[in-house]
There are 2 protein chains.
Amino acid sequence: MPKAPALERRVLDTLWSGGTWSVRQVHAAVGDGLAYTTIATVLDRLHDKGAVRRHKRGVAWRYEAARSREQAIGAEVARMFARVDADPDSLLLAFLDQVEQTDPSALDRLEALLRSRRDRE
Amino acid sequence: MPKAPALERRVLDTLWSGGTWSVRQVHAAVGDGLAYTTIATVLDRLHDKGAVRRHKRGVAWRYEAARSREQAIGAEVARMFARVDADPDSLLLAFLDQVEQTDPSALDRLEALLRSRRDRE
DNA sequence: ACCTACTACGACAATCCGTAGTAGAAGGAG
DNA sequence: CTCCTTCTACTACGGATTGTCGTAGTAGGT
């Protein structure tokens, strides 16, 4: 139904806030009147996709994110690079435009990152 | 069926190569043994989504991209920014990593772009 | 008046996602 | 040992998206 998997994202956000979580805990954290089994299903599917890890704690599973938010963002960026592979320069341009528009001060941070990366070698 | 709309992308790539196209021409360009009506449908759906423009040429439609590839990339980048909105700095990092990994020389171009953008104001 | 090319519309299968119910196992309380 | 609560596993369903076509009807040229 949704264009982007909104509920999965909310669950992941919860896990990314740190630690391991039982279904019940995630359910409480996400709230929104959703059924317990809805959260259980989402967690299960996330596990099938390899997005989360889990281990048994007694009868129940304990879940944690399989990759950090940073890694997930990295994968997202990689996917985008693959999608536009014919035209990397437009991507640089578009990226700068977006950064500037979202948060102009980020341009400075970007430049600092860039410099430190160059100096590192 | 597919995660990313592969055929729509191929059709768009064709249109992005320039000019206006009849269904028949796109069909020939995409090839791959697909039926003529398959291409017609894809073009039609692309039109519904506003991704392409069309005007009648006699009985037939002539299609062209509604936005340039560059604009499409910009929209893509904007979508990604929205998705990660809580953590823009990780995005900067991940972006640099990807640029470096894809094409190290692009880092220099990025820096040049950054500088020219800053000097422009 | 007929053939051809083109569009409009409908259809179907696969997949994803949100959402949830049910059955059954497992463990603690008496 | 038996009952109640808690969890998981499995199944299901509806809506959306996409790939893929078929059919029917229309409009123009020969």
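Here is how names work: the chains are called A, B, and so on, in the same order as the sequence lines, proteins then strands, and each is numbered from 1.
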Would you classify Ser22(A) as touching base, sugar-phosphate or nothing, given that sugar-phosphate means primed atoms plus P, OP1 and OP2, and contacts are heavy atoms under 4.0 Å? nothing

Starting at CG of Leu7(B), measure out to OG1 of Thr41(B) and round the result to the nearest 0.5 Å. 10.0 Å

Check the distance between dT8(D)'s C1' and Trp61(A)'s CH2 and give it to me in whole angstrom. 9 Å

Given dT7(C), dT8(D), dT19(C), the nucleotide with the shortest approach to the side chain of Val42(A): dT19(C)

More than 12 heavy atoms of other residues, nucleotides or ligands under 6.0 Å from CD of Gln101(A): is that the case? no

Checking side chain to side chain donor-acceptor pair (under 3.5 Å) against Glu111(B), which of Arg115(A), Arg117(A), Arg118(A) comes through? Arg118(A)

Of the candidate nucleotides dA8(C), dT8(D), dC17(C), which contains the atom at the shortest distance from the side chain of Arg54(B)? dA8(C)

His27(B) NE2 to dC6(C) C1', in whole Å, measures 13 Å

The answer to which of Gly33(A) and Gly58(A) contacts DNA chain C further toward the 5' end, by nearest nucleotide, is Gly33(A)

Of the listed dA20(C), dC21(D), dG28(D), the closest approach to the Thr37(A) side chain comes from dA20(C)

Students often mix this up, so state it plainly: with edges at 30° and 60°, are the rings of Trp61(B) and His47(B) parallel, tilted or perpendicular? parallel

Name the closest nucleotide to the Lys49(A) side chain, picking from dT19(C), dG28(D), dC17(C). dC17(C)

Under 4.0 angstrom, heavy atoms only, what part of the nucleic acid is Arg24(A) near: base, sugar-phosphate, or nothing? sugar-phosphate

May I have the distance from Leu43(B) (atom CG) to dA5(C) (atom C1'), rounded to whole angstrom? 16 Å

Spacing of Ile39(A) atom CD1 relative to dA9(D) atom P, expressed in whole Å: 16 Å

Taking Glu76(B) first and then Arg83(A), would you say they form a salt bridge - that is, a charged N and a carboxylate O separated by under 4.0 Å? yes

For the side chain of Ala6(B), starting at C-beta, report the closest nucleotide among dA8(C), dG19(D), dC17(C). dG19(D)

Rounded to the nearest angstrom, tell me the gap between atom CG in Asp44(A) and atom P in dA12(D). 16 Å

Closest heavy-atom pair, Ala72(B) versus Trp16(B), reported as atoms and distance to 0.1 Å, is CB-CZ2, 3.6 Å

Heavy-atom nearest nucleotide on DNA chain C taken for Thr41(A) and for Val59(A); more 5' hit belongs to Thr41(A)

Gap between atoms CG and C1', on Leu34(A) and dC17(C) respectively (whole Å): 13 Å

Distance, rounded to the nearest Å, where Arg10(A) contributes CZ and dG18(C) contributes P: 9 Å

No-H, no-angle donor-acceptor pair, Thr38(A) side chain to dG18(C) base, under 3.5 Å: no

Can you check whether any acceptor in the base of dG18(C) is under 3.5 Å from a donor in the side chain of Arg45(A), or vice versa? yes

Could you tell me how far apart Leu7(A) (CG) and dG18(C) (P) are, to the nearest whole angstrom? 5 Å

Just to be sure I understand the rule, does Ala60(B) reach a base, reach only the sugar-phosphate, or reach nothing, if contact means heavy atoms closer than 4.0 Å? sugar-phosphate

Of the candidates dT19(C), dC21(D), dT8(D), the side chain of Tyr36(A) sits closest to dT8(D)

